[in-house]
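Step one of this worksheet: look at the structure below.
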Amino acid sequence: MTLANYAAPGTLEEATALLRQGSCTILAGGTDLMVQSKAGKVRFGDTLVNISRVAGLGGIAVEGATLRIGALATIAELRESDVVRDRLPALWRAADKFASGQIRNASTVGGNICNASPAGDTLPPLIAHGALVELATRPNGKVERRAMPLEGFITGPGKTRREAHDLVSAVLVPLPQADTIGLFEKFGTRPALDISTVSVAFVGRARKGTVSEARLVFGAVAPTPLRGAATEAAIIGKFLDEATIAKAADTAAQEVKPISDVRATAWYRREMIHNLTRSVLTDVARR
Ligand SMILES: Cc1cc2nc3c(=O)[nH]c(=O)nc-3n(C[C@H](O)[C@H](O)[C@H](O)COP(=O)(O)OP(=O)(O)OC[C@H]3O[C@@H](n4cnc5c(N)ncnc54)[C@H](O)[C@@H]3O)c2cc1C
């Protein structure tokens, strides 16, 4: 394939100005994009914009009551972050279960979001935490930023509400109260280096086995990560005894909308969602 132009901007101003010219493809870690390009699934635009040198797009920092995770923060950086491990354990666990060291070093959070795979591992915990996506664009010579909920940002496999001239600049995660429980379970066909066949993230609060708040998000069982509204309703305000957990696991298996593909059949995915939901809620009941 011949590439018309390649650009490696050093500032957000330069990067967003390039995107305004149109027909650009953004490259971050390349762990999805290059694989998809080699497989003929993606055709680059006129300019390949490598954003990996853009200043200020990386890092993980507490800003008041929010954790700001730069779009170029890598999965390895999430995994090494004390604040992610201590305050956002569901996200930390997703980073810990993500691929191999080599892939974690290159993979960015912004790339995981924009690739918009139903199986993207950071998505269920980030949505369960009520994260916002920050987008940067340069309509009139000046960079403008806006934020929107990650829940709803992804509209289908590989599809988001991002406009072609937008760069995802960060993900903003509200820091939860200290007694918040965060859990993430992923099942793949191999123990290592595997994309999720199904995943479950839980973020919520419980006191002596009774749930006061719950956000459950399922991965790889619908065209987008799926909020488990019916399962949440089945546990909020309830004491998590065996019967309640079993009923909630049944509800979860019913509300997901899996397909059969190379990784698993729809039937198997429902079974795994049932089992992972039961496992996660049993863990919540023990806290
Ligand atoms: C062997 C292997 C194992 C993997 N295992 C896992 C796994 O366990 N879990 C998992 O979730 N994923 C996994 N992946 C997929 C991939 O590593 C992740 O989705 C990764 O986070 C993508 O980030 P990246 O920086 O490499 O994105 P890139 O490949 O550079 O980009 C991905 C897409 O996002 C767009 N993009 C990137 N950054 C931005 C931005 N800031 N603004 C706007 N658009 C942007 C690109 O244009 C492209 O469309 C695996 C991949 C491989 C090859």
Side-chain angles (χ1 to χ4, degrees), residues 7-9 12 15-16 18-19 23-39 41-45 47-59 69-79 91 93-127 133-138 143 145-146 148 150 153-154 157-171 184-199 201 217 219-220 225 263:
L12 193 53
T16 46
L18 279 164
L19 296 185
S23 192
C24 290
T25 300
I26 297 172
L27 170 70
T31 60
D32 278 318
L33 189 69
M34 301 319 280
V35 176
Q36 291 161 2
S37 165
K38 284 216 166 94
K41 291 181 184 162
V42 167
R43 281 176 60 115
F44 294 160
T47 308
L48 184 65
V49 181
N50 181 346
I51 60 168
S52 60
R53 292 182 198 159
V54 174
L57 272 196
I69 303 172
L72 287 179
T74 62
I75 304 301
E77 285 167 339
L78 283 186
R79 192 168 172 257
L91 182 60
R93 182 134 167 106
D96 190 49
K97 291 262 178 187
F98 197 110
S100 62
Q102 209 177 11
I103 297 288
R104 287 193 294 266
N105 283 336
S107 293
T108 64
V109 174
N112 201 234
I113 291 171
C114 294
N115 190 55
S117 162
D121 281 331
T122 68
L123 304 174
L126 285 172
I127 292 170
V133 184
E134 186 190 79
L135 299 151
T137 187
R138 196 177 172 184
V143 175
R145 297 178 199 243
R146 67 188 194 283
M148 62 174 78
L150 179 58
F153 177 71
I154 295 167
K159 293 193 182 124
T160 69
R161 295 197 193 285
R162 184 182 82 82
E163 305 274 347
H165 53 71
D166 289 327
L167 186 73
V168 166
S169 44
V171 57
F184 175 80
E185 295 278 346
K186 156 178 174 174
F187 176 79
T189 41
R190 289 180 301 182
L193 241 179
D194 212 1
I195 309 286
S196 288
T197 301
V198 297
S199 65
V217 183
R263 288 198 192 97

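If you read the sequence from its start, that first residue is 1, and numbering goes on from there. Indexing begins at 1, ligand by ligand and atom by atom, following the structure's order.
Using a 4.0 Å cut-off between charged side-chain N and carboxylate O, Lys97 and Asp121 make no salt bridge.
Within a 6.0 Å sphere centred on CZ of Arg146, other residues, nucleotides and ligands contribute more than 12 heavy atoms.
In terms of modelled atom types and a separation under 3.5 Å, the side chain of Thr47 and the main chain of Cys24 share no donor-acceptor contact. Side-chain atoms of Arg93 come within 3.5 Å of backbone atoms of Phe184 as a donor-acceptor pair (strictly under, hydrogens ignored).
With 3.5 Å as the limit, one finds no donor-acceptor pair spanning the side chains of Asn115 and Ser117.
Listed by chain and number, residues touching ligand 1 at under 4.0 Å (heavy atoms only) are Ile26, Leu27, Ala28, Gly29, Gly30, Thr31, Asp32, Leu33, Ile51, Ala71, Phe98, Ala99, Ile103, Ala106, Ser107, Thr108, Gly110, Gly111, Asn112, Cys114, Asn115, Ala119, Gly120, Asp121, Arg162, Leu167, Val168, Lys186, Leu193, Asp194, Ile195.
With respect to Arg145, the side-chain contact (heavy atoms from CB on, under 4.5 Å) criterion is satisfied by exactly one of Leu135, Leu12, Thr137: Leu12.
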